[in-house]
Engineer: 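Let me begin by handing over the structure; questions about it come next.
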Amino acid sequence: ALTVAILEYGLEAVVCPTLKTWRYLRWLGVMGVVAGQFIRSWAMVTAGDAFSHVIREVKKPGSRLITDSGPFKWIRHPSYAGFFLWALSLQLVLGNPLMLAINCWLLLHFFRDRIGYEERLLLQFFGDRYGEYRRGTWSGIPTIK
């Protein structure tokens, strides 16, 4: 995706350079990149050793459900939400409308599958506690309940 984004940037800079001069969209993108990185990092720090890039399929002894601290108070999957915001905002910084649309579509599908799988496991691990948290807290990704 990064290679295609760089290629799109270069091609559009030559063919349609005005796309690369939309200052306000670029600043919006910079703010989104910073906010997305902040949310993702805050989630990782809050989760501590409960955070992993790999979905755990077996509950570790002493595992805890984080629902009432850091960004987890408002967003069920703040690390994913932060990455989603960061990735789309980067395309605004680059002025890449094609990759913005493609990344949005790809990430929505990726996170829909990943969150669905992860949440089935969390329901097994934590039962009704996770179910209640899930019902009352936004996933952090548009279109994913």
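The chain is numbered in sequence order, starting from 1.
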Engineer: So do Cys104 and Gln91 actually touch side chain to side chain, heavy atoms under 4.5 Å?
Structural biologist: no

Engineer: Between NZ of Lys73 and OG1 of Thr137, what distance do you get to the nearest 0.5 Å?
Structural biologist: 12.5 Å

Engineer: Can you name the nearest heavy-atom pair linking Val33 to Leu90, along with the distance?
Structural biologist: CG2-N, 3.6 Å

Engineer: Between Tyr130 and Gln124, does any side-chain donor sit less than 3.5 Å from a side-chain acceptor?
Structural biologist: no

Engineer: Can you tell me how far the CZ atom of Phe110 sits from the CG atom of Asn103, to the nearest 0.5 Å?
Structural biologist: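 One finds 12.5 Å between CZ of Phe110 and CG of Asn103.
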
Engineer: Which value, rounded to the nearest 0.5 Å, describes the distance between Phe72 atom CZ and Ser79 atom OG?
Structural biologist: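 One gets 7.5 Å once the value is rounded to the nearest 0.5 Å.
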
Engineer: Do the side chains of Tyr9 and Leu88 join up, straight or via other hydrophobic residues, at under 4.5 Å, putting them in one cluster?
Structural biologist: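 Shared cluster, yes.
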
Engineer: Which atom pair, heavy atoms only, marks the closest approach of Ala81 to Ile75?
Structural biologist: CB-CG2, 4.2 Å

Engineer: With clusters defined by side-chain heavy atoms of hydrophobic residues (ILVMFWY) lying less than 4.5 Å apart, directly or transitively, does Tyr80 cluster with Met44?
Structural biologist: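 No, Met44 and Tyr80 fall in different hydrophobic clusters.
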
Engineer: Got Ile141 and Arg76 here, is their nearest side-chain heavy-atom distance under 4.5 Å?
Structural biologist: no

Engineer: Do you know which two heavy atoms are closest between Leu92 and Gly29, and how far apart they sit?
Structural biologist: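 Heavy atoms of Leu92 and Gly29 come nearest at CB-CA, 3.7 Å.
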
Engineer: Do Phe111 and His109 make the cut of ring centroids closer than 6.0 angstrom?
Structural biologist: no

Engineer: Looking at Leu85 and Gly36, what are the two nearest heavy atoms and their distance?
Structural biologist: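 Residues Leu85 and Gly36, closest heavy atoms: CD2-N, 3.6 Å.
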
Engineer: Around atom CH2 of Trp27, are there more than 12 heavy atoms from other residues, nucleotides or ligands closer than 6.0 Å?
Structural biologist: no

Engineer: Looking at every non-hydrogen atom in both residues, tell me the closest pair between Arg64 and Asp49 and how far apart they are.
Structural biologist: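 For Arg64 and Asp49, the tightest heavy-atom pair comes out as NH2-OD1, 4.2 Å.
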
Engineer: Nearest 0.5 angstrom please: Ile39 CD1 to Thr46 OG1, how far?
Structural biologist: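 If we round to the nearest 0.5 Å, Ile39:CD1 and Thr46:OG1 are 11.5 Å apart.
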
Engineer: Treating Ile, Leu, Val, Met, Phe, Trp and Tyr as nodes and any side-chain heavy-atom pair under 4.5 angstrom as an edge, say whether Ile102 and Phe83 lie in one connected cluster.
Structural biologist: no

Engineer: According to a 4.5 Å side-chain heavy-atom criterion applied to Ile, Leu, Val, Met, Phe, Trp and Tyr, with indirect links allowed, do Leu28 and Leu100 form part of one hydrophobic cluster?
Structural biologist: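 Yes, Leu28 and Leu100 fall within the same hydrophobic cluster.
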
Engineer: Roughly how far, to the nearest 0.5 Å, is CG of Leu123 from CZ of Arg134?
Structural biologist: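 Reported to 0.5 Å precision, the distance equals 6.0 Å.
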
Engineer: When you look at CG of Asp113, are more than 12 heavy atoms from neighbouring residues, nucleotides or ligands closer to it than 6.0 Å?
Structural biologist: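 Result for CG/Asp113: enclosed.
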
Engineer: Measure the shortest side-chain to side-chain distance between Pro97 and Glu8 over non-hydrogen atoms and say whether it is less than 4.5 angstrom.
Structural biologist: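 A side-chain contact under 4.5 Å exists here.
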
Engineer: Are Val58 and Phe125 connected into the same hydrophobic cluster when the rule is that any two of I, L, V, M, F, W, Y join if their side-chain heavy atoms are below 4.5 Å apart?
Structural biologist: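 No, no single cluster joins them.
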
Engineer: Might you point out which heavy atoms bring Ile144 and Ser139 nearest each other, and give the distance in Å?
Structural biologist: O-OG, 2.6 Å

Engineer: Under a 4.5 Å cut-off applied to non-hydrogen side-chain atoms, are Leu121 and Arg56 in contact?
Structural biologist: no

Engineer: With side chains defined as the heavy atoms from C-beta onward, is the minimum distance between Glu118 and His77 less than 4.5 Å?
Structural biologist: yes

Engineer: So, taking the atom named CD in Glu12 and the one named CG in Leu94, what distance separates them when rounded to the nearest 0.5 Å?
Structural biologist: 10.0 Å

